[in-house]
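Naming convention: chains lettered A, B, ... in sequence-line order (proteins, then strands); numbering from 1 in each chain. The figures that follow rest on heavy atoms only: side chains count, while hydrogens, waters and symmetry mates do not.
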Number of protein chains: 2
Amino acid sequence: MARKRLTREESRDQTHQRLLEAAALVIAKKGFAAASVEDITAQAGYTRGAFYSNFKSKAELFIELLSQDHQCVRQDLHQILDAPQSLEAIEEQITQYYLRVYRDEKNFILWAEARVLALRDAKFRAKLNAYCLEKRDDIADVIERFYQMRGSKPPAPPKDLAFSTMALIDGMRFFNETIPKELPDEAAQNALGVIFTSTFFK
Amino acid sequence: MARKRLTREESRDQTHQRLLEAAALVIAKKGFAAASVEDITAQAGYTRGAFYSNFKSKAELFIELLSQDHQCVRQDLHQILDAPQSLEAIEEQITQYYLRVYRDEKNFILWAEARVLALRDAKFRAKLNAYCLEKRDDIADVIERFYQMRGSKPPAPPKDLAFSTMALIDGMRFFNETIPKELPDEAAQNALGVIFTSTFFK
DNA sequence: GAACTCTAATACATAGTTGTATTTGAGTTC
DNA sequence: GAACTCAAATACAACTATGTATTAGAGTTC
C-alpha cells in the first residue's frame, strides 16, 4: 500500500490530467456553459485554486480535452488504415472501428457541445476547425485510395465527400442518441450503409 | 401617428411574441444556457416581470420558439409538395426551398442549441423529438412518392432514408457555417447533390 | 366613473460564479 | 536542514442570476 511520493512535476501533471477527466464528466453532464469551474474542480477532488493554476480559461481546458480525444481517435484510425490491404479488409475494419467510436456516448456529447461553442467563439472555432480538417483529410485519403484501387473516378472531390461522410455519421449519431426508439442501431447502420454503398460503390 | 389602444389580450400577446423574438436573438447570440432571463427581457424592452408572467421557464419559452419555426418551415414545405407534379419539378422546388432555409443562420443556430439541450433535458427532448418525427415523416412521404413515381423500390425504409437526409443536410450546414472557407456553398451543394443523386436516382 | 382584474414593474432575499490576492505546505536546492 | 519555490487552498470582493412577493397602472366591468 506504499503510495509513491510524487515529484512536483508528476504531481502537477496528475492534477492537470484529473481536472481534464473531471471536466469531461461534468461538461458531458451539465453542458459547457453550465459547468462551473467549481463543479469541475470539486468533481476532481480539488478546489478552484487548482484550476486557475493549471488553465487560463474553461475554453482552454475544453480544447485540450478535445485535443486528447482527437489524437486518440486519429491514432487508432491510422493504425488500421496505414497498412496497405484489400478493399474488403478496409471496409470490414472501418465498420468495426466505427462501431467502437459510435458507442462512446460521453465523447459524442463533448463534441456536440464543442460544435455549438464553435459557433460563437472564434478562437475556439479555429482550434476545432484544425482538428476537423485533419480528420477530413484522413478520411479523404481513404476515399482517394479507395477509388484508385477500384480504378474509378470519385464523383466529387474526395475532401468534399469526406465532409459528407462526417456530416452523415454525426447527424445519424445524434438521432440515434435522442430517438433510439425510432432509429435503432440496425436502422441507422442500414441507412448509412445504403448511402455509403450507393455513393462509393456504385 | 395615432397608436392603437390595445386590448388587454392584444397587449399580452404582443409582449409574448416580442419576448419570443428577443429570445431568438439572444439565444442565438449567447447560447441557451448563457442567455439569462434578464438578457431576453431587456432585449425585448421589458423587465423580468414580463417573462415570469408569460412563461414557466426558459426551456418552455424555447420550445415554443422552436415550435413556431417548425410550423413555419413545415407549412412552406407542404405548400410546395402537396400539389402533385413531375419528378423534375419536385427536384427543382426542393432545391430552391432548401437553399432558402439553408441561408437562415439564426434559426440554424437555434436548432443546434436545441439539439444539445435535448441531450440532457428529457422533457425538452420529448417535444423536440415530436417535431423531428413530423419532419422525418414529411420527408419520408416525399421519398416514398418519389420511388412510386419512378416505379422502383427504395433501398431502405423511407423513414430511415429521411433521417439520413436530415442528418446529412444538418451536418453539412454545420461545416458550411464553421468552415465556409473549406466548404463553400458550391462544394457543399455539390457533395450533397452527389449523395442524393447516387442514393435516390441510381 | 368606481370597483375590479390582470399584466408587467419593482423590491427583495438568496444563492451561485468569477478572478485575484494571499497563505499554506509539500517538494526542491544548496 | 535552512532557505526557497511553486502548486493548490483559502480568503475576499464584486458581480450576476433566480424566483417570489408586492406594487402600480393600464384595461375591463358594471
Among the nucleotides [options], which one has an atom lying closest to any side-chain atom of [X]?
X: R8(B); options: dT5(C), dC6(D), dT10(C); value: dT5(C)
X: T47(B); options: dA9(C), dT18(C), dA8(C); value: dA9(C)
X: K58(A); options: dA17(D), dA8(C), dT18(C); value: dT18(C)
X: V37(A); options: dT18(C), dT18(D), dA8(D); value: dT18(C)
X: S53(A); options: dA8(D), dT28(D), dT7(C); value: dA8(D)
X: Y52(A); options: dG19(C), dC6(D), dT18(D); value: dG19(C)

inquiry  = Side-chain N or O of N54(A) versus OP1/OP2 of dA7(D): is the shortest distance under 4.0 Å?
reply    = no
What is the separation between atom [atom1] on [X] and atom [atom2] on [N], rounded to the nearest whole Å?
X: H16(B); N: dA8(C); atom1: NE2; atom2: P; value: 10 Å
X: E38(A); N: dT20(C); atom1: CD; atom2: P; value: 16 Å
X: E9(A); N: dA7(D); atom1: CD; atom2: C1'; value: 13 Å
X: E60(A); N: dG19(C); atom1: CD; atom2: P; value: 12 Å
X: R12(B); N: dA9(C); atom1: CZ; atom2: P; value: 13 Å
X: I40(B); N: dA17(D); atom1: CD1; atom2: P; value: 11 Å
X: Y46(A); N: dC6(D); atom1: OH; atom2: P; value: 19 Å
X: Q14(A); N: dG27(C); atom1: CD; atom2: P; value: 11 Å

message = Assess, by modelled atom type and distance only, whether the side chains of D160(A) and N190(B) contain a donor and an acceptor separated by less than 3.5 Å.
response = no
query = Does a side chain donor of either Q17(A) or Q68(A) reach within less than 3.5 Å of an acceptor in the other side chain?
reply = yes
request  = Could you check whether S36(B) gets within reach of a base, just the sugar-phosphate, or nothing at all, counting any heavy atom under 4.0 Å?
outcome  = sugar-phosphate
message = A quick test of your reading: do over 12 heavy atoms of other residues, nucleotides or ligands sit less than 6.0 Å from NZ of K58(A)?
response = yes
ask   = Toward the 5' end of DNA chain D, which comes first, D13(A) or K30(B), by nearest nucleotide?
value = D13(A)
Side-chain-base donor-acceptor pair under 3.5 Å for R48(A) and dT10(D) = no
key: Test of ring centre spacing under 6.0 Å for F62(B) and F32(B)   = yes
query = Any cation-pi pair here, R173(A) with F108(A), using under 6.0 Å and within 45°?
reply = yes
